[in-house]
Amino acid sequence: MLKIHNTLSRDKQDFIPIEPNKVRMYVCGMTVYDYCHAGHARVMVVFDMVYRWLKASGYDVTYVRNITDIDDKIIKRAAENNESIHALTQRFIDAMHEDERALGVLAPDHEPRATQFVPQMLEMIAQLEQNGMAYRAADGDVNYAVRKFPGYGKLSGKSLEDLRAGERVDVADSKHDPLDFVLWKHAKESEPAEVKWESSWGPGRPGWHIECSAMASEILGRHFDIHGGGADLQFPHHENEIAQSEGAHQCQFVNYWMHNGFVRVDNEKMSKSLGNFFTIREVLKKFDAEVMRFFILRAHYRSPLNYSDMHIDDAKSALTRLYTALKDVPPSLPIDAIQIDWDVPAAKAFKVAMDDDFNTPEAMAVLQGLAKEINISKSRDVANLLLALGGVLGLLQQPPIRFLQGGERIVATLHLTAPAPTLEARGEALDIDALIEARAAAKQAKNFAEADRIRKELLAAGIVLEDSAAGTTWRRA
RNA sequence: GGUGCGAUAGCAAAGCGGUUAUGCCCCGGAUUGCAAAUCCGGUUAGCCCAGUUCGACUCUGGGUCGCACCUCCA
């Protein structure tokens, strides 16, 4: 039985879907005005893992992850770049999709863009106004009246009093309550036509929070199973989503709220505002994308995750161990042909871990255990299981040799880039196969000094040789 | 100030009221021409103070420290 930590109740609960065998899930995606950073990578990978596990558990899953393509920051950035909103957002949507593909993140079933759902948002705002929960302020904005929603604060565990006590910003006078938030922003002269929509409250554009409420209910219905996002969205974004959706529809919005922990740098949250972020593409220049994915899944999704090159290197070593086992004992079947027998102890342990609020660190330990078993028994059945369970997490799906030898650079003749001080300096290409052959000849002639010299030369270029009965193979250090 | 979360070995990170987490690093051994990989074994734990218990890293209470949210943020 799958248990999920529900932010709403702050404990683990048995997961019971609204409709048997079906799961409807919504995750807050990116605001597309810049490249995604490691923090975004975590949301993508974590909920991709959730999506995969739900499917592996036999559920028919509908996964929606939205794109916010209209927002203050987007307007500002487009103006700075002297670029249209659409050109800017499309550029970063494309970049985001590239990052996701690299990280092994499956496409969600729906990827709605806010700008495509403005009519639904307007409809919802009208419903809220009709229910007496929205009002038109003096400045022309339409606001949500938090006082009118009795459950306000139930997700974040805050009372209106607590929230007001902590109010740290000057409040617009036009709001009835400092915590009221904008549903519809009236258009400003300075803004481009591209961000103005007609409405019964005059031209304007939607507030951020209403976007998700409208997209989620339009695609998944007014009441669905799982809603996810980063921990920072808990308040106010998700709190406001509840207020909007339940205020408009008068029924429960979401059964299970899931929030992933932050990526940190030097023990501080990685964020745009702090400026301490690394974009996904920066990281992928240094590491295989699968290492990044592995690094993220090595921690529990709700724990903080410290980012540093050292920690990613650590993850790389651990993942290398798994791939080494698969290289030495190749699975006998392709992934699609492997039927996982969940009664096998290791598979069972994996399932128990995953069913316990997606305990991927524990599941990873099972994979390491399988690697050891493979190394000892050389069992191809066990290799099949490792490949299959890895696949459930979106891992271990490259040919081992490709991972170990460095991605696309599988060709025997390498034009080395970064880690090749000696050869690089001479601008030479390194013919690994030829050097391995030369070394084999030297070994044959018992010229170990020469053999070792060649090995050292390759090592200096980041190439590790491994001799075995079957011959010599190489991998990247 | 309010609210919430956390503190595990050199590093990272889980479970668990009593039995090896796991990975990386380190040490010894096997193997190897020497290495690498692999295997066998080993060293390093549970912030502090009380309490509950036959027994606590695990439960309870009190500290201390850290982080997050309360403002756009994954």
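Labels below follow one simple rule: chain letters A, B, ... track the order of the sequence lines, proteins then strands, and each chain is numbered from 1. It should be emphasised that the depicted structure is a prediction, and the values quoted were computed from it without experimental measurement.
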Nearest to the side chain of A:K158, which nucleotide is it out of B:rC69, B:rA35, B:rA12? B:rC69
Heavy atoms only, 4.0 Å cut-off, all strands: where does A:H37 land among base, sugar-phosphate and nothing? base
Rounded to whole Å, NE2 of A:H237 lies from P of B:rC70 at a distance of 13 Å
Where RNA chain B forms runs of at least three Watson-Crick or G-U pairs (i with j, i+1 with j-1, under 3.5 Å), the stems are B:1-7 with B:64-70, B:10-12 with B:22-24, B:26-30 with B:38-42, B:47-51 with B:59-63
Reckon A:S317 touches a base, only the sugar-phosphate, or nothing at all at heavy-atom distances under 4.0 Å? sugar-phosphate
Search all heavy atoms of A:E239 against all heavy atoms of A:G153 and return the closest pair with its distance. OE2-N, 2.8 Å
Short side-chain N/O contact to B:rA12 OP1/OP2 from A:R264, under 4.0 Å: no
Does A:A365 reach a base, just sugar-phosphate, or nothing at all? Heavy atoms under 4.0 Å. base
Do A:H311 and A:S308 have a side chain donor and acceptor closer than 3.5 Å? yes
Work out how far the P atom of B:rC59 is from that of B:rG2, and round it to whole angstrom. 26 Å
Taking the minimum atom-to-atom distance to the side chain of A:E362, which one of B:rA12, B:rA21, B:rG33 wins? B:rA21
Pick the C1' atom in B:rC24 and in B:rA37, then give their distance to the nearest Å. 16 Å
Taking any heavy-atom pair under 4.0 Å as a contact, classify A:G261: base, sugar-phosphate, or nothing. base
Distance between P atoms of B:rG46 and B:rC72 (Å, rounded): 43 Å
Taking the six-membered ring where the residue is Trp, are the ring centres of A:Y63 and A:Y26 under 6.0 Å apart? no
Over all strands shown, is A:R455 touching base, sugar-phosphate only, or nothing at heavy-atom distances under 4.0 angstrom? base
Name the one of A:D356, A:D14, A:D357, A:D11 that satisfies salt bridge (Lys or Arg N to Asp or Glu O under 4.0 Å) with A:K3? A:D14
With a non-hydrogen cut-off below 4.0 angstrom, is A:G157 in contact with a base, only sugar-phosphate, or nothing? sugar-phosphate
Side-chain donor-acceptor contacts of residues 443-452 of chain A below 3.5 Å, not counting sequence neighbours, with atom names and distances?
{"from": "A:K443", "atom 1": "NZ", "to": "A:D467", "atom 2": "OD2", "distance (Å)": "3.0"}
{"from": "A:N447", "atom 1": "OD1", "to": "A:E450", "atom 2": "N", "distance (Å)": "3.2"}
{"from": "A:E450", "atom 1": "OE1", "to": "A:R453", "atom 2": "NE", "distance (Å)": "3.0"}
{"from": "A:E450", "atom 1": "OE2", "to": "A:R453", "atom 2": "NH2", "distance (Å)": "3.1"}

Figure out the CD1/P separation between A:I312 and B:rA13, and round it to whole Å. 13 Å
Checking B:rC39, B:rG4, B:rC72 against the side chain of A:P236 (C-beta onward), the nearest is B:rC72
A:D94 and A:Q90: side chain donor to acceptor below 3.5 Å: yes
Name the closest nucleotide to the A:F262 side chain, picking from B:rA74, B:rC39, B:rC34. B:rA74
Selection from B:rA13, B:rA68, B:rG33 that lies nearest to any side-chain heavy atom of A:P361: B:rA13
Rounded to whole Å, please give me the gap between CG in A:N267 and P in B:rA68. 8 Å
Closest listed nucleotide, where the reference is the side chain of A:A299 and the choices are B:rA21, B:rA13, B:rC39: B:rA13
Sticking with atom C1', work out how far B:rA35 lies from B:rG18, rounded to a whole angstrom. 44 Å
For the side chain of A:D452, counting heavy atoms from C-beta on, which of B:rC39, B:rG33, B:rA68 is nearest? B:rG33
Below 4.0 Å: OP1/OP2 of B:rA13 and any side-chain N or O of A:R298: no
Looking just at side-chain N and O atoms, do A:D109 and A:Y51 make a donor-acceptor pair shorter than 3.5 Å? yes
A:S303 vs B:rA14: side-chain N/O to OP1/OP2 distance below 4.0 Å: yes
When you get a sec, tell me which of B:rU22, B:rC39, B:rA74 is the closest nucleotide to the side chain of A:K372? B:rC39
The residue, A:H311 or A:T320, whose nearest nucleotide of RNA chain B is more 5′ is A:H311
Please determine whether any donor N or O and acceptor N or O are separated by less than 3.5 Å between the side chain of A:D314 and the base of B:rG23. yes
Over all strands shown, is A:N375 touching base, sugar-phosphate only, or nothing at heavy-atom distances under 4.0 angstrom? sugar-phosphate
Which listed nucleotide (B:rC70, B:rA13, B:rA21) is nearest to the side chain of A:F235? B:rC70
Under the 3.5 Å rule, do the base of B:rG15 and the side chain of A:N359 count as making a donor-acceptor pair? no
Assert: residue with more 5' nearest nucleotide on RNA chain B, out of A:V43 and A:Q368, is A:Q368
I need the CD-P distance between A:E373 and B:rA21, as an integer number of Å. 19 Å
Looking at every strand, decide which applies to A:S468 at a 4.0 Å heavy-atom threshold: base, sugar-phosphate, or nothing. nothing
Classify the nucleic acid contact of A:R65 as base, sugar-phosphate or nothing, counting any heavy atom under 4.0 Å across all strands shown. nothing
To the nearest Å, give me how far apart CG (A:D467) and P (B:rU32) are. 12 Å
Taking only the C1' atom of each, what is the distance from B:rG23 to B:rU44 in whole angstrom? 15 Å
Starting from the C-alpha separation in whole Å, work towards a yes-or-no answer on side chain to side chain contact (heavy atoms under 4.5 Å, CB included) for A:M215 and A:F117. CA-CA 7 Å; A:M215 288 186 273; A:F117 289 79; 3.7 Å; yes
Under the salt bridge (Lys or Arg N to Asp or Glu O under 4.0 Å) definition, can you give me all pairs with a residue in residues 25-43 of chain A, not counting sequence neighbours? A:D34-A:R77
Does A:K73 reach a base, just sugar-phosphate, or nothing at all? Heavy atoms under 4.0 Å. base
Between the side-chain atoms of A:N306 and the base atoms of B:rC67, is any donor-acceptor pair under 3.5 Å? no
With rounding to the closest Å, how many angstrom separate the P atoms on B:rG6 and B:rU60? 12 Å
With under 30° as parallel and over 60° as perpendicular, where do the rings of A:F253 and A:F224 fit, or are they tilted in between? perpendicular
With heavy atoms under 4.0 Å as the rule, sort A:M270 into base, sugar-phosphate or nothing. base
Inter-nucleotide P distance (B:rA50, B:rC57), Å rounded: 14 Å
Determine the minimum heavy-atom distance between A:L326 and A:P331, stating which atoms define it. CD2-CG, 3.9 Å
Verify the contact: side-chain N or O of A:R302 to OP1 or OP2 of B:rG6, cut-off strictly under 4.0 Å; return yes or no. no
Under 4.0 Å, counting only non-hydrogen atoms across every strand here, what does A:V366 touch: a base, just sugar-phosphate, or nothing? nothing
A:T324 near the nucleic acid: base, sugar-phosphate alone, or nothing, with a heavy-atom cut-off under 4.0 Å? sugar-phosphate
Ignoring hydrogens and angles, tell me if any N or O in the side chain of A:E100 forms a donor-acceptor pair with the backbone of A:A107 under 3.5 Å. no
For nucleotides B:rC11 and B:rG29, find the distance between their C1' atoms and express it as a whole number of Å. 25 Å
Against the side chain of A:D162, the closest entry in B:rA14, B:rC69, B:rG2 is B:rG2
Identify whether any heavy atom of A:I376 sits under 4.0 Å from a base atom; if not, whether one sits that close to sugar-phosphate; answer base, sugar-phosphate or nothing. sugar-phosphate
